Amino acid sequence: MDETRPVKIKVRGLSKVFGKQPQKAIELRNQGMKRPEILEKTGQTLGLSNISFDVYEGELLVIMGLSGSGKSTLIRCLNRLIETTEGEIIIDGENIPTLKEKALLECRRRHFSMVFQNFALFPHRTVHQNAEFGLEIRGVEKAERHKIAHDALKQVGLEGWEDAYPNQLSGGMQQRVGLARALANDATVLLMDEAFSALDPLIRKDMQQELLQLQSKMQKTTVFITHDLDEALNIGDRIVLLKDGEVVQIGTPEEILTKPADDYVRRFIEGVDRARILTAESAMRPLRSTARESDGPRTALHRMRDHTIDSIYVVDRDRRLIGLLEADAASRAIEEGSDSIIPYLTQDFRKVPMDEPLHNLFAMFSEKSFPIAVIDQQEQLLGVVVKGAVLDELARAGEQ
Amino acid sequence: MEIPRIPLGDWIESGLTWLTSEFSMVTRGISRFTQTGIDILNDGLFWLPEWALLGLIALLCWRLGGTRLAIGAIAGLALIWNLGLWEPMIETLTLVVFATLVAIVIALPVGIAAALSNRLYRVIMPLLDFMQTMPAFVYLIPAIPFFGIGSVSAIFATVIFSMPPAIRFTTLGIRQVPVELIEAADAYGATRGQKLFKVQLPLSLPTVMAGINQTIMLALSMVVIAAMIGADGLGSEVWRAIQRLRPGDGFEAGIAVVILAMLLDRLTQSLRKTRQ
Ligand SMILES: Nc1ncnc2c1ncn2[C@@H]1O[C@H](COP(=O)(O)OP(=O)(O)OP(=O)(O)O)[C@@H](O)[C@H]1O
Ligand SMILES: [Mg+2]
């Protein structure tokens with residue numbers, strides 16, 4: 001990712017020690033000791049050690065790690081449900097660890113909504129009253145918050161359940177309420193601590209999908225915690241990998257999979273590494289449409305419009321792949337009065353055989369992410385692989 | 001060698017004497033307030049004819065607890081009326097209601113404070129143990145120098161004796177609220193007050209009600225005992241029966257106490273259930 005994107009939250013040198021003598025633990029840490037040694041020597045748990053990362057505006061950042069790696073601690077330091085021991089957390093110019101009580105309340109109200117692993121819904125409040133909790137706390141007018149909460153519930157598909165109590169709902173529905181409570185609040189950052197981990201796998205997939213849809217609609221800065229690599233790969237724009245309270249790698253899902261920083265990451269992705277036996281074929285989709293070499297530019301452009309694609313693969317009479325036509329190029333051909341599309345084709349795309357290992361495909365998605373063409377020995381076009389399909393396929397492999 | 005006896009009792013007595021003389025203003029104030037409260041309650045309840053009050057109570061039982069409770073109430077109260085114990089029953093009821101109200105008014109804030117502050121919790125819990133295990137009669141003795149013989153002393157002793165469960169259950173109820181719900185309230189920027197009134201208190205209500213139920217039961221037992229220092233009501237009927245060696249009268253008054261206890265118990269329990 002380029003470094004010029006606006007940063008929403010800047011975390012620098014964040015450490016957290018659980019125990020009565022945090023400074024002692026920090027000292028030992030500075031001498032190079034790790035969590036187990038420090039625990040043995042001082043009885044203090046080094047929950048987080050020297051964590052630095054940025055959360056970009058509008059991204060979905062996943063924090064991932066095994067149980068005990070410090071994920072919950074980290075996310076609770078962000079909105080200061082847990083006091084930090086050292087370091088800075090800067091959001092819109094304010095350093096959260098040093099805020100006074102009042103400013104902290106204000107900061108939480110403005111910036112943070114949170115979704116919890118076990119939902120943490122208020123059992124004495126109806127679904128609707130749960131959804132409007134954040135607004136009520138902020139003192140929003142009754143009529144207004146009623147409407148906002150209603151819209152939020154609608155957004156998560158819970159219209160008509162307003163007057164039910166949480167214990168009357170299934171787990172998936174309860175977490176939708178949790179999500180609605182967070183969305184209604186309209187804070188600038190959404191914190192999700194293992195929000196889907198308590199749900200069964202199918203519902204979980206649905207919720208991930210819905211979160212992605214919401215995310216593409218609203219572009220809300222989200223910090224999402226999970227111990228599950230599949231989930232991280234499925235929804236994360238970037239992933240921060242934690243181990244024993246330290247960051248081991250930060251990167252896009254592709255980077256994590258293709259360039260694991262060390263053995264820990266490699267072991268982590270081992271489940272997914274079964275993907276190495278997966279091939280392009282498994283992620284291949286049938287083509288929506290192709291153009292023939294004999295087609296004129298108008299026909300080709302028409303096909304693209306019909307199928308809402310902005311480039312089309314061109315094949316000869318034997319379905320052999322001869323090139324790719326972009327919509328721009330087709331328009332140009334029409335302007336220049338050409339009858340043939342052949343001079344306007346580009347070869348700037350990737351083609352792979354069916355048995356190409358799936359993990360090799362990541363690197364091939366360049367800036368212009370044309371679908372990758374899959375061909376057989378005779379150069380015949382069989383299908384395409386789009387970026388999302390690769391991740392889906394890997395995630396599915398991890399589940400088996 | 002003889003170890004001198006520690007004059008614990010003497011110390012307590014001189015302490016009490018000092019308290020009564022130094023704080024006579026306060027005790028007189030409490031006295032007047034309590035007496036007025038009891039009088040108003042009593043007058044109100046006596047102003048209603050027996051059948052009207054009986055009907056009202058039955059209606060209340062029906063609304064809160066259903067038909068069975070209502071029928072039970074009618075039968076029980078009619079029996080008391082028939083035995084000629086209506087008046088002492090009302091006097092006892094007044095003492096119980098008043099003492100319970102005072103106990104709740106003190107217990108709720110104390111219970112909340114003890115729930116929210118660990119230091120206070122460590123001070124108050126042993127104090128409650130002390131208050132609850134001290135034999136009930138003992139409270140009657142210092143009440144007399146403070147407030148003299150009569151209803152006010154009875155209320156004083158009753159409040160002290162019956163308050164601990166209300167405090168204890170309030171504290172327990174608030175401490176039992178799951179951490180994650182507290183976290184949720186905090187995460188959305190709730191102030192302490194908002195957290196208390198929107199999350200902690202509503203969620204601890206069933207437990208608090210259980211405490212209040214126990215407080216009422218303890219108050220009733222104490223109010224009966226307080227007949228020994230001149231409190232009116234069913235207790236004094238029992239007391240008189242003892243002095244005249246008339247077991248029949250004693251049992252009649254005792255049965256009236258049992259009926260009243262059952263009625264109060266079921267009523268507060270159904271109140272608790274409807275709240276959930
Ligand atoms: N209140 C606490 N007191 C002492 N140690 C704690 C406390 N909370 C967490 N820890 C320790 O800090 C470390 C990180 O815990 P944390 O809960 O952040 O892990 P996690 O990554 O969220 O794990 P999980 O996936 O199990 O939720 C663990 O070793 C844990 O035992
Ligand atoms: Mg956790």
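Only a predicted model underlies this, so the values are computations on that prediction, with no experimental measurement involved. Residue numbers start from 1 in every chain, and the chains themselves are labelled A, B, ... in the order their sequence lines are given, proteins ahead of strands.
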Task: Residues Lys147(A) and Asp151(A) bridged, charged N to O under 4.0 Å - done: yes
Open item on the list: Report which part of Gln194(B) has an atom under 4.5 Å of a heavy atom belonging to chain A: side chain, backbone, both, or neither.
Closed with: side chain
Task: Side chain / backbone / both / neither for Lys198(B) at chain A, heavy atoms under 4.5 Å - done: both
- [ ] Give, as side chain, backbone, both or neither, the part of Ala187(A) having an atom under 4.5 angstrom from any heavy atom of chain B.
- [x] neither
Open item on the list: Under a 4.5 Å cutoff for heavy-atom pairs, which residue among Lys102(A), Gln117(A), Arg110(A), Arg181(A) has the most contacts with chain B?
Closed with: Arg181(A)
Task: When Leu121(A), Leu191(A), Leu81(A) are compared by non-hydrogen pairs under 4.5 Å with chain B, the top option - done: Leu81(A)
Open item on the list: Salt bridge check, Arg12(A) against Glu88(A): does any charged N sit closer than 4.0 Å to a carboxylate O?
Closed with: no
Open item on the list: Any salt bridge linking Asp92(A) with Lys8(A)? Criterion: basic side-chain nitrogen under 4.0 Å from a carboxylate oxygen.
Closed with: yes
Open item on the list: With a 3.5 Å distance limit and no angle check, can you tell me whether Arg108(A) reaches the backbone of Asn79(A) through a side-chain donor-acceptor pair?
Closed with: yes
Open item on the list: So that I can tick it off, tell me whether Arg176(A) and Glu210(A) are bridged by a salt bridge, with the cut-off set at under 4.0 angstrom between side-chain N and carboxylate O.
Closed with: yes
- [ ] Among the options Arg76(A), Glu101(A), His124(A), Glu106(A), pick out the one with the most heavy-atom pairs lying under 4.5 Å from chain B.
- [x] His124(A)
